[in-house]
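In what follows, a structure is listed as structure tokens, so that the remarks can point back to it.
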Amino acid sequence: MQNTDHSPRDGFGSKIGTIAAVAGSAVGLGNIWRFPYITGENGGAAFILVYVFIVLFIGIPVMLSEFTIGRRAQRNAFGAFRLLAPRRPWYLVGVMGIAAAFMILAFYSTVAGWTFEYLRLSLVNGFKGKSPEELNALFENFYTGGWRPVIWQVVVMLLTGGILLAGVRKGIEKYTKILMPMLLVLLVILAIRSITLPGAMQGLNFLFRPDFSKIDASTILEALGQAFFSMSIGMGTIITYGSYIRKKDRLSETAFSVAGADLAVALLAGIAILPAVFAFGIAPSEGPGLVFITLPNIFQHMPGGYFWALMFFTLLIIAALTSTISVMEVVVAFISEEFSLRRRYATIIATIGVTFLGVLCTLSQGPYPQFSLFGRNLFDLMNFSTANIMLPTGGLFIVIFVGWFLGRKNVRDEISNGGTMKVRLFNIFLFLVRFIAPLAIAMVFLNGLGILKL
Ligand code: TRP
């Protein structure tokens with residue numbers, strides 16, 4: 001497990017770079033593609049309210065726990081557990097995290113690939129004059145088409161691998177520091193455009209006026225899954241990134257900033273998308289096709305739609321890439337540290353492995369529906385089971401580990417940077433991590449899957 005080239009371990013070089021990188025991981029297709037359609041399918045404002053509670057009382061404690069594990073151990077997600085809990089089975093949480101990284105990337109890179117095709121279509125003005133049915137057919141034919149989505153997916157994986165080859169500071173940090181501000185500017189412009197459309201009020205009502213009759217056990221499980229997915233927690237991305245945070249930076253501050261940015265972007269994406277959906281009289285519960293069918297339809301009816309489309313799909317690509325690199329980094333750090341391989345080789349191996357599974361996933365959407373399990377094709381299976389099962393399970397073990405195993409003194413020491421700074425709310429954090437978060441996750445989980453009936 002030692003460093004093969006005897007150089008100090010790579011890591012983030014600045015506070016702002018750290019926040020850009022972690023926020024870059026959190027802010028992604030989960031916020032801009034997944035959040036609006038999941039919110040649409042689950043009734044809107046009441047769902048969002050549940051979501052915000054989960055972020056505050058479960059999401060932030062899990063994120064801070066992951067930072068603590070990662071920075072304490074200075075290791076990848078698997079090695080961290082092995083180091084902090086030698087000869088104990090905790091490393092299995094790391095194993096599950098590595099598996100989840102493969103599974104998430106498999107379907108995530110598919111969707112990331114779609115965004116490239118849609119940027120291409122926007123460039124050649126490919127939505128112009130198409131009816132909603134035609135746009136629907138365009139999307140269906142494209143994603144079930146076989147080779148074209150596969151090619152874009154490979155492009156995504158190569159770009160991801162390319163950034164990672166450059167390392168943590170010169171790769172991840174450097175690119176996210178440029179891309180994240182761009183993303184924010186684009187999104188704010190789009191949101192302003194959307195709320196100034198005639199008829200946008202209805203969309204805002206849908207987002208902000210809660211109807212509690214829409215809430216049931218499966219809605220709450222969806223909110224939990226969405227929060228974990230959106231915050232990149234529960235599988236070791238944040239452990240890995242945490243291991244790159246400088247010892248003098250404040251973990252709690254980073255967790256709050258990132259959680260705030262992630263929530264803000266999800267809400268902004270909702271504001272950018274749902275009012276436009278209502279303004280053009282489209283059902284918000286469109287599902288995964290929402291941004292790929294509904295939005296092109298809307299863009300072509302808007303003045304300047306050509307540019308709005310370009311802007312939106314550029315935004316999606318940025319969001320996707322700063323997240324794919326973070327998931328892949330989990331695998332790269334694992335391979336290079338645990339097998340003492342140079343980063344370059346680890347990156348190449350990870351890219352090839354992940355691309356292979358990803359291509360199967362993409363093909364399961366179209367030409368090879370026989371690539372399926374438990375009655376879902378691979379794509380749906382990975383999307384559902386990672387967010388709603390593996391991440392909450394990982395998160396549950398992570399909070400139990402930090403709350404009950406790592407030791408109060410160690411946790412306090414790490415969060416207070418070796419006692420050099422005051423940590424306010426430490427007891428609240430510990431209480432959340434020991435009792436509230438594990439109980440809440442376990443209950444939502446068992447209830448949502450129908451194992452426990454509340
Ligand atoms: N959070 C990202 C998004 O919202 C996706 C992502 C990156 C992720 N790393 C992760 C999801 C780790 C789960 C676990 O798009």
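Counting starts at 1 for both ligands and their atoms, in listed order. Just so it is clear, the structure is predicted and the values come from calculations on it, not from any experiment.
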Note to self: Do Thr110 and Thr362 pair up side chain to side chain, a donor and an acceptor below 3.5 Å, judged on atom types alone?
What the structure shows: yes
Item checked: All side-chain hydrogen bond (donor to acceptor under 3.5 Å, both in side chains) counterparts of Thr160, not counting sequence neighbours -> Thr324
Margin query: For Tyr118, give me all partners under side-chain hydrogen bond (donor to acceptor under 3.5 Å, both in side chains), at least two apart in sequence or on another chain.
Written below: none
Checklist line | Ring centroid separation Phe206 to Phe278 under 6.0 Å | finding: yes
Indicate every side-chain donor-acceptor pair of residues 351-358 with a distance under 3.5 Å to a residue at least two apart or in another chain.
| unit_1 | atom_1 | unit_2 | atom_2 | d |
| --- | --- | --- | --- | --- |
| Thr351 | OG1 | Thr347 | O | 2.6 |
| Thr355 | OG1 | Thr351 | O | 2.5 |

Checklist line | Carboxylate-amine/guanidinium contact Glu338 Arg75, below 4.0 Å | finding: no
Anything under 3.5 Å between an N or O on ligand 1 and a protein N or O? List each pair with its distance, or write none.
| unit_1 | atom_1 | unit_2 | atom_2 | d |
| --- | --- | --- | --- | --- |
| ligand 1 | 1 (N) | Ser25 | O | 3.2 |
| ligand 1 | 1 (N) | Ala26 | O | 3.0 |
| ligand 1 | 1 (N) | Phe229 | O | 2.8 |
| ligand 1 | 1 (N) | Ser230 | O | 3.1 |
| ligand 1 | 1 (N) | Ser232 | OG | 2.9 |
| ligand 1 | 4 (O) | Ala26 | O | 2.9 |
| ligand 1 | 4 (O) | Gly30 | N | 3.4 |
| ligand 1 | 4 (O) | Asn31 | OD1 | 3.2 |
| ligand 1 | 9 (N) | Ser232 | OG | 3.2 |
| ligand 1 | 9 (N) | Ser326 | OG | 3.4 |
| ligand 1 | 15 (O) | Leu29 | N | 3.1 |
| ligand 1 | 15 (O) | Gly30 | N | 2.7 |
| ligand 1 | 15 (O) | Tyr108 | OH | 2.5 |

